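Note sheet for the following structure.
Here, residue 1 is the first one in the sequence, and each next residue gets the next number. Just follow the structure's listing: the first ligand is 1, and inside any ligand the first atom is 1. Quantities reported herein were computed from a predicted structural model and do not represent experimental measurements.
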Amino acid sequence: MNNWKIETNAVQAGWEPANGETRVMPICQSTTYRYDTAQAVADLFDLKAAGHMYSRISNPTVDVFEKKMAALEGGVAALATASGQTASMISVANICTAGDHFLAVSALYGGTVALFTNTMKKMGIEVTLVDPEAPLSELRKAVRPNTRCIFGETIANPGMDVLDFEKFAALAEEVGMPFIVDNTFATPYLCRPLEHGAHIVTHSATKYIDGHATSVGGVIVDGGNFNWKNGRYPEMTEPDESYHGLIYTETFGAAAYAVKARVQWIRDTGAYLSPMNAWLSNLGLETLHVRMDRHCENAQKMAEFLESHEKVAWVKYPGLPSHKHHERAKKYLSGCSGVLTFGVKGGAAEGERVMDALKLAAIVVHVADVRTSVLHPASMTHRQLSEEELRAAGVTPDLIRLSVGIENIDDIIADFDQALAKV
Ligand SMILES: *Cc1c(COP(=O)(O)O)cnc(C)c1O
């Protein structure tokens, strides 16, 4: 690993072309790989040798993207997945089996809440959603003997709560369980959770990593900084019969978690990132720092404009002094990202009229790409949540989520100005 700064890694990490090779990483659009001997392939199957055998499990293009993500987050290894949802699921399922329990903060992306409370429950893995602002003494009470990890989100989509890293890292340390953080909205450019006590970082690469709304993808980064040998993770430390008794912590050391996720979960589900999407996500990463600076700058100006507008009831953006986590944002983030939420006076119906009147900003089920867009979570992304879950996730009926793009800020403001004039 080099000691380049993050901007340099965003551009250059991962692909290291040898003499005469393509300057840009190629798209290895191949399902399979040729070997000279049957023994060479058998060794791959037994994980005795490193190499690609089948693109359901690994692929050279995806591998480059994974290496870049590991470098950006400061982890030891990364695993790319078919979507952010897959990353969230595998990050937990990799260390929880039926009968186990885990904690997650309630201020989470709606899809994650649905996954954790419905689908993972059917797998026999139970979650307790905890109040992210509860004191440590309260949080301790939610821990059970079979609690295996804690999951949080750096900047919650769309509540815009900023995670109290110190508190949850302390709880994780106390219990001896890993702290998993969904870093989608911050990206490693604005926050590196591993530097604040997290052990595993997940992303929906669909958002700022790709950054152009071209491809769905996800990634799990293994910090390599958790002690799996504390007696609570037998799947990591006891023989895996599906690999002839291999022991992950023995054979793969610091990267045991990432390797296990790949050779069990990705092998068995096939929920791997495609080479084309890895290529596009890597291309997106090359401008991550440049885009994020502009997203942050535009979102700050937009938040200030909306907060001072007479027809706007409220605005939530951690970059505003009025935000409840403004100080916490300064502590953990080097920028507040490009997403903000607001409510129009008069409630959801008036808000919908504003959304419909927008011309430059589009109504899309997406967030975090170069084009400015809006969405109404209560009727769209968070539609599956109960009223109580909506409240816990910080979603009120009037909440409009605005993803501020990198267009000229004057044009974005003018668009909202004309739309607000219509209500
Ligand atoms: C979108 C999103 C996800 C889910 O990712 P997909 O790529 O849509 O599967 C997870 N977490 C956060 C914070 C998200 O914004």
* Verify the distance criterion only: is there a donor paired with an acceptor across the side chains of Gln418 and Asp415 at less than 3.5 Å? => yes
* To do: Assess whether atom OH of Tyr243 is packed by more than 12 heavy atoms of other residues, nucleotides or ligands within 6.0 Å.
  => yes
Just list the N/O pairs, ligand 1 to protein, that are under 3.5 Å apart, with the distance for each.
{"residue": "ligand 1", "atom": "5 (O)", "partner": "Ser204", "partner atom": "OG", "Å": "3.0"}
{"residue": "ligand 1", "atom": "7 (O)", "partner": "Gly84", "partner atom": "N", "Å": "2.9"}
{"residue": "ligand 1", "atom": "7 (O)", "partner": "Ser204", "partner atom": "OG", "Å": "2.8"}
{"residue": "ligand 1", "atom": "7 (O)", "partner": "Thr206", "partner atom": "OG1", "Å": "2.6"}
{"residue": "ligand 1", "atom": "9 (O)", "partner": "Gly84", "partner atom": "N", "Å": "3.1"}
{"residue": "ligand 1", "atom": "9 (O)", "partner": "Gln85", "partner atom": "N", "Å": "2.9"}
{"residue": "ligand 1", "atom": "11 (N)", "partner": "Asp182", "partner atom": "OD2", "Å": "2.7"}
{"residue": "ligand 1", "atom": "15 (O)", "partner": "Asn157", "partner atom": "ND2", "Å": "2.9"}
{"residue": "ligand 1", "atom": "15 (O)", "partner": "Lys207", "partner atom": "NZ", "Å": "2.7"}

* Asked: Hey, are Ser88 and Ser91 close enough side-chain-wise for a donor-acceptor pair under 3.5 Å?
  -> no
* To do: Answer yes or no: is there an ion pair linking Lys301 with Glu297, defined by an N-O contact shorter than 4.0 Å?
  => yes
* His196: ring pair (Phe, Tyr, Trp, His ring centres under 6.0 Å) partners, not counting sequence neighbours -> Phe165, Tyr332
* To do: Establish, from distance only, whether the side-chain atoms of Ser242 and Gln264 form a donor-acceptor pair under 3.5 Å.
  => no
